[in-house]
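The structure under discussion appears below in the form of structure tokens.
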Number of protein chains: 2
Amino acid sequence: MDYKDFENCGLKKALDMLSGKWKPMILYFLFYQGEFRFNDLWRSIPRISKKVLMEHLQEMVGNDLVIRREVNGFPSEVRYALSRKGKALGPVLSALDEFGNTSNLN
Amino acid sequence: MDYKDFENCGLKKALDMLSGKWKPMILYFLFYQGEFRFNDLWRSIPRISKKVLMEHLQEMVGNDLVIRREVNGFPSEVRYALSRKGKALGPVLSALDEFGNTSNLN
DNA sequence: CAGAATCCATTTTGATACTG
DNA sequence: CAGTATCAAAATGGATTCTG
């Protein structure tokens with residue numbers, strides 16, 4: 001693995017898409033819980049600020065990991081769910097979860 | 001997934017162990033290239049500062065992901081390699097790499 | 001060579017109040 | 001309800017210098 005690899009490898013691209021304190025948690029949550037409205041999602045994730053949740057969601061929508069679906073009405077309703085691409089990360093996150101759960105036993 | 005899960009789940013533990021700009025790259029590198037001396041590793045990873053590489057390695061040694069092996073002599077020689085636990089992350093990182101390489105094609 | 005110590009710049013996150 | 005704006009606080013990373 002040389003210089004070029006570090007800059008252009010898939011791992012870097014993937015990590016860039018996942019950069020953000022809560023992104024993997026959000027993805028994992030959506031993977032298991034399905035579609036969620038913004039505020040419900042916000043309440044489901046302790047400690048996260050609305051601002052950061054919003055930023056993370058927008059970036060993930062931009063990376064095609066998450067789909068934003070707007071339901072017309074008042075009060076406004078917006079739902080977020082994983083895209084096909086986002087769902088592809090499910091197994092990876094699951095593997096990480098498993099790793100974190102069992103690695104202390106080694 | 002409720003409050004408790006977010007704070008104590010394996011995913012969070014795993015992410016904590018991987019927190020640090022270059023840690024996944026370092027692990028991936030060691031996974032494929034095997035044992036490395038500190039300075040060789042440093043030269044192999046463009047842009048990283050010695051300080052940060054040192055910090056990351058020490059944290060990963062503390063998390064039993066990496067093994068530090070000291071070879072007596074002068075100039076001093078220290079070699080870093082993945083532990084069994086660290087090697088367990090190889091497939092996960094590989095999956096992320098694959099994801100990053102192909103996700104733009106979807 | 002491996003590593004520690006400073007100091008500083010930048011990034012990231014969080015709290016809060018506000019809008020249509 | 002979803003989303004924005006502002007500002008402060010914290011975490012992280014980088015450059016440089018120094019040592020046994």
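A note on names: the letters A, B, ... follow the listed sequences, proteins ahead of strands, and every chain is numbered from 1. Basis for what follows: all heavy atoms, side chains included, without hydrogens, waters or symmetry-related copies.
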Under 4.0 Å from OP1 or OP2 of [N]: is there any side-chain N or O of [X] that close?
X: B:Q58; N: C:dA2; answer: no
X: A:H56; N: C:dT13; answer: yes
X: B:R79; N: C:dC1; answer: no
X: A:Y80; N: D:dG3; answer: yes
X: A:K51; N: C:dT12; answer: no
X: B:R37; N: C:dC1; answer: no
X: A:K50; N: D:dC1; answer: no

Checklist entry - Between the main-chain N or O of B:P91 and the side-chain N or O of B:S94, is there a donor-acceptor pair closer than 3.5 Å? => result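 No; zero donor-acceptor contacts below 3.5 Å.
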Checklist entry - Can you check whether A:I67's main-chain N or O pairs, donor with acceptor, with A:S83's side chain at less than 3.5 Å? => result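 The answer is no, because no donor-acceptor pair under 3.5 Å joins these two groups.
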Checklist entry - Touch check for B:R43, heavy atoms < 4.0 angstrom, all strands: base, sugar-phosphate only, or nothing? => result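 Result for B:R43 = sugar-phosphate.
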Next on the checklist: By the 4.0 Å heavy-atom rule, please label A:W22 as base, sugar-phosphate, or nothing.
Outcome noted: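 Answer is sugar-phosphate: A:W22 comes under 4.0 Å of backbone atoms only.
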Next on the checklist: Measuring from the side chain of A:M54 (C-beta onward, heavy atoms only), which nucleotide among C:dC1, D:dG14, D:dG3 has the closest atom?
Outcome noted: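 Closest of the options to the side chain of A:M54: D:dG3.
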Checklist entry - Hey, what's the ring geometry for B:Y28 with B:F31, parallel, tilted or perpendicular (30° and 60° as the breaks)? => result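 If you compare the ring of B:Y28 with that of B:F31, the planes turn out parallel.
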Item to check | 5' precedence on DNA chain C between A:E55 and A:S76 (nearest-nucleotide basis) | outcome: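 The residue whose closest nucleotide sits nearer the 5' end is A:E55.
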